[in-house]
Protein chains: 2
Amino acid sequence: MYNIGIDLGGTNIAAAIVAKDGTIIRKDSTPTLGDRDDKLIIKDMAMLALKLIKEEGLSLDDIHSIGVGSPGTPDPEKGLIVYANNLNFKNTPIRDEIRKYIDKPVYIGNDANVAALGEYECGTGVDYKDLVAVTLGTGVGGGIIIDGKIIGGSFNGGAELGHVSIDFNGIQCNCGRKGCWEQYSSATALIRDAKEAAAKNKDSKLNDLVDGDLSKMNAKIPFDAAQAGDKVAGEVIDNYIKHLAVGIVNVINIFQPEIIVLGGGVSAQGDNLINPLRKEIIDEIYGGEPAFKTKVQVAKLGNDAGIIGAAMLYRAYE
Amino acid sequence: MYNIGIDLGGTNIAAAIVAKDGTIIRKDSTPTLGDRDDKLIIKDMAMLALKLIKEEGLSLDDIHSIGVGSPGTPDPEKGLIVYANNLNFKNTPIRDEIRKYIDKPVYIGNDANVAALGEYECGTGVDYKDLVAVTLGTGVGGGIIIDGKIIGGSFNGGAELGHVSIDFNGIQCNCGRKGCWEQYSSATALIRDAKEAAAKNKDSKLNDLVDGDLSKMNAKIPFDAAQAGDKVAGEVIDNYIKHLAVGIVNVINIFQPEIIVLGGGVSAQGDNLINPLRKEIIDEIYGGEPAFKTKVQVAKLGNDAGIIGAAMLYRAYE
């Protein structure tokens with residue numbers, strides 16, 4: 001038996017037939033064309049799934065369930081997408097709509113939670129009974145899995161770890177609060193700080209690595225410059241990791257999970273990120289190193305976490 | 001059938017026979033004498049339970065289970081108290097020790113989690129499927145109950161909501177971190193701020209209400225002075241509530257629970273606390289009032305939350 005995972009994005013709908021161990025058997029995608037009627041988008045999701053099944057030479061008897069990771073606020077219980085940014089979804093009955101075309105159990109989840117479930121079931125978290133996923137990308141995303149269940153809030157808008165304030169007088173966040181963690185620990189924040197440091201320090205390697213054009217700054221460049229010995233970049237990275245540790249220790253003090261999995265663009269730094277981060281965490285945690293029992297590792301599944309997690313949604317709800 | 005709830009404190013062991021609806025049928029206590037051998041303390045806990053059963057004219061057949069709320073770090077799965085502050089407990093097999101005297105299922109939990117469970121099963125949280133309890137006392141304690149289960153961390157030291165940093169450059173906490181929530185929102189913090197404000201403003205009512213002796217300051221006085229129109233006390237309270245809201249909105253952004261229950265000394269202020277707090281939360285929450293779906297109310301069970309929650313532990317584990 002296989003499961004279908006569907007990752008509904010603003011640009012593309014990606015779908016795959018996924019084996020129980022998380023192996024992607026066949027994958028394809030189609031443009032979302034997000035300004036269309038929600039029912040047409042859902043029809044395309046179902047058609048993409050049916051196409052994959054046919055191309056793989058399978059029948060519906062080989063499929064156990066369909067899972068969908070969606071942006072915005074899904075209601076997994078009612079099978080709705082209550083609201084999705086950039087899409088005309090408003091209380092869209094996605095479960096019933098998909099079942100018009102494919103009569104199988106349909107599960108839905110918020111994309112960040114679903115990606116966390118992917119890492120939990122088939123990725124870095126596979127050996128652990130609970131996991132918190134922290135995605136360091138445009139913002140800071142969160143996904144919390146305890147004993148195989150998604151902790152997504154009673155009103156399906158929880159796990160917003162990026163909007164935990166770590167400095168109540170700090171940087172203004174677009175959510176209205178001040179000092180949200182994502183203002184310090186997202187890739188966006190790192191790029192902002194690297195640009196500012198480069199602008200202030202014309203002789204920093206940061207400027208060479210963007211050919212003097214700060215609009216070319218990305219989250220990798222300050223790490224590269226720091227490793228090449230650039231002092232200004234080193235300070236940017238130290239500062240970034242210090243603030244990342246503040247938020248991670250908050251997560252540990254609340255959840256004390258077996259593992260925290262870091263995903264998103266910045267996590268590509270691997271040990272360059274994890275090793276200094278571990279030091280900062282040990283400095284900050286009550287009881288120091290002996291009390292630091294939570295593993296902190298980078299995510300394994302990359303962009304496939306969403307599609308694999310969607311396929312595994314049945315495990316969180318059955 | 002009844003359950004026995006035991007609240008193991010540093011000074012007293014309190015125990016009660018508790019009905020399934022949370023009614024305390026009979027209650028008694030005995031001094032802990034915490035510097036004794038751990039096995040003697042546990043023997044006294046069992047003897048106190050047996051005494052209550054006898055005095056109430058019940059037999060062991062009327063008792064379903066025994067639950068213990070303990071300070072420090074219990075391991076509910078293994079039935080140990082791994083470590084307890086002020087007591088000589090170190091990997092103490094409390095479950096096995098109690099069962100030497102009373103052959104019934106024994107459940108243990110951390111006292112903050114157990115008090116949260118009490119409010120969830122029989123107090124303010126009785127109509128809700130998940131709850132976060134925040135205790136505003138000497139420190140800020142946390143207890144997280146989701147779908148009837150205690151979220152206490154994989155290593156039984158989680159739910160330390162008071163040690164979420166809300167200001168990474170802020171007030172030094174005795175846990176080693178800076179800006180921990182309890183440095184702003186505990187009764188201790190409120191008393192500290194009220195003392196400082198009184199010392200700086202000799203004409204403030206705060207000084208009258210302590211008869212000029214700042215060591216008499218408590219958490220009620222600044223509320224009383226503020227309500228009597230004292231401007232200095234009003235600023236202390238406004239500041240206190242503002243910071244309390246920062247931490248509460250953090251909890252909402254993570255858990256979005258159906259209800260947050262405030263306990264501890266400060267919660268005795270009731271609506272004087274809750275009404276301005278709700279305003280601050282609405283100011284701070286993304287989406288404002290329509291997005292503020294979590295109820296925020298004061299705890300109902302007072303000091304009995306621990307004993308009632310202990311008696312209800314079987315529900316979290318059976």
Side-chain angles (χ1 to χ4, degrees), chain A residues 73 83 128-132 142 144 146-147 149 151-170 173-181 184 242-243 245-247 249-259 282-288 291-295, chain B residues 73 83 128-132 142 144 146-147 149 151-170 173-181 184 242-243 245-247 249-259 282-288 291-295:
Chain A
T73 310
Y83 174 76
Y128 302 93
K129 79 180 164 74
D130 50 18
L131 162 155
V132 176
I144 303 155
I146 297 182
D147 288 333
K149 302 289 173 204
I151 306 295
S154 272
F155 310 103
N156 301 305
E160 288 286 0
L161 300 180
H163 296 286
V164 170
S165 175
I166 61 170
D167 184 3
F168 55 72
N169 288 320
C173 185
N174 46 20
C175 80
R177 308 191 76 189
K178 279 184 180 166
C180 284
W181 188 20
Y184 303 87
K242 185 176 172 295
H243 293 139
V246 170
V249 174
N250 281 350
V251 168
I252 291 173
N253 285 351
I254 298 168
F255 291 104
Q256 235 191 16
E258 291 194 343
I259 187 165
I282 288 167
D283 269 3
E284 181 131 358
I285 209 167
Y286 181 61
F292 179 31
K293 294 175 184 167
T294 297
K295 300 263 190 305
Chain B
T73 309
Y83 174 77
Y128 301 92
K129 79 179 164 72
D130 50 18
L131 164 155
V132 176
I144 303 155
I146 298 183
D147 287 334
K149 301 290 174 202
I151 305 295
S154 273
F155 309 104
N156 302 305
E160 288 287 0
L161 300 181
H163 296 286
V164 170
S165 174
I166 62 170
D167 184 2
F168 55 72
N169 288 320
C173 184
N174 46 20
C175 81
R177 308 192 76 189
K178 279 185 178 161
C180 283
W181 187 20
Y184 302 87
K242 185 176 173 294
H243 293 141
V246 171
V249 174
N250 281 348
V251 169
I252 291 173
N253 286 351
I254 297 169
F255 291 105
Q256 234 192 15
E258 290 193 343
I259 187 164
I282 288 167
D283 269 3
E284 180 130 359
I285 210 168
Y286 182 61
F292 180 30
K293 295 175 183 167
T294 297
K295 301 263 190 303

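Below, chains carry the letters A, B, ... as their sequence lines are ordered, and counting in each starts from 1. Since this is a predicted model, take the numbers as computed values, not measurements.
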### Task
Grab the two heavy atoms, one from A:E258 and one from B:S154, that are nearest each other, plus how far apart they are.
CG-OG, 3.2 Å
### Message
Working to the nearest 0.5 angstrom, can you tell me the gap between A:N250 CG and B:W181 CH2?
### Response
11.5 Å
### Top contributor to chain B interface from A:K293, A:H163, A:K178 [non-hydrogen pairs under 4.5 Å]
A:K293
### Query
Between B:H243 and A:F168, what is the ring plane arrangement, given parallel below 30°, perpendicular above 60°, and tilted in between?
tilted
#### Entry: Over all atoms of both residues, closest heavy-atom pair of A:V246 and B:R177
O-NH2, 2.9 Å
### Message
So which residue, A:T294, A:V251, A:V164, ends up with the most heavy-atom pairs under 4.5 Å with chain B?
### Response
A:V164
### Message
Nearest 0.5 angstrom please: A:N169 CG to B:N169 CG, how far?
### Response
10.5 Å
### Region of A:N156 in contact with chain B, defined by heavy-atom distances below 4.5 Å
backbone
### Task
Side chain from CB out, backbone as N, CA, C, O: work out which of these in B:Y128 comes under 4.5 Å of a heavy atom of chain A, or both, or neither.
neither
### Message
Please determine whether the number of non-hydrogen atoms from other residues, nucleotides or ligands lying under 6.0 Å from atom NZ of B:K295 exceeds 12.
### Response
no
## Note on the structure
Counting heavy-atom pairs under 4.5 angstrom with chain B, the leader among A:G152, A:G153, A:C180 is A:G153
### Message
Atom OH of residue position B:Y286 - does it have more than 12 heavy atoms of other residues, nucleotides or ligands inside 6.0 Å?
### Response
no
### Query
chain A heavy atoms under 4.5 Å from B:V249: which part of the residue, side chain, backbone, both or neither?
both
### Message
Does any backbone or side-chain atom of B:I166 lie under 4.5 Å from a heavy atom of chain A? Answer side chain, backbone, both or neither.
### Response
both
### Query
With a 4.5 angstrom heavy-atom cut-off, which part of A:K149 approaches chain B: side chain, backbone, both or neither?
neither
### Task
Count the heavy-atom pairs under 4.5 Å between each of B:G288, B:P257, B:A291 and chain A, then report the option with the highest count.
B:P257
### Greatest number of heavy atom pairs closer than 4.5 Å to chain A - which of B:C175, B:S165, B:C173
B:S165
### Query
Taking all non-hydrogen atoms of both residues, which atom of B:F255 and which atom of A:I151 are closest, and how far apart?
CD2-CG2, 4.4 Å
### Message
Heavy-atom pairs under 4.5 Å with chain A: which of B:I285, B:N174, B:I254 has the most?
### Response
B:I254
### Query
Based on non-hydrogen pairs under 4.5 Å, which of A:G247, A:A159, A:G287 is most in contact with chain B?
A:A159
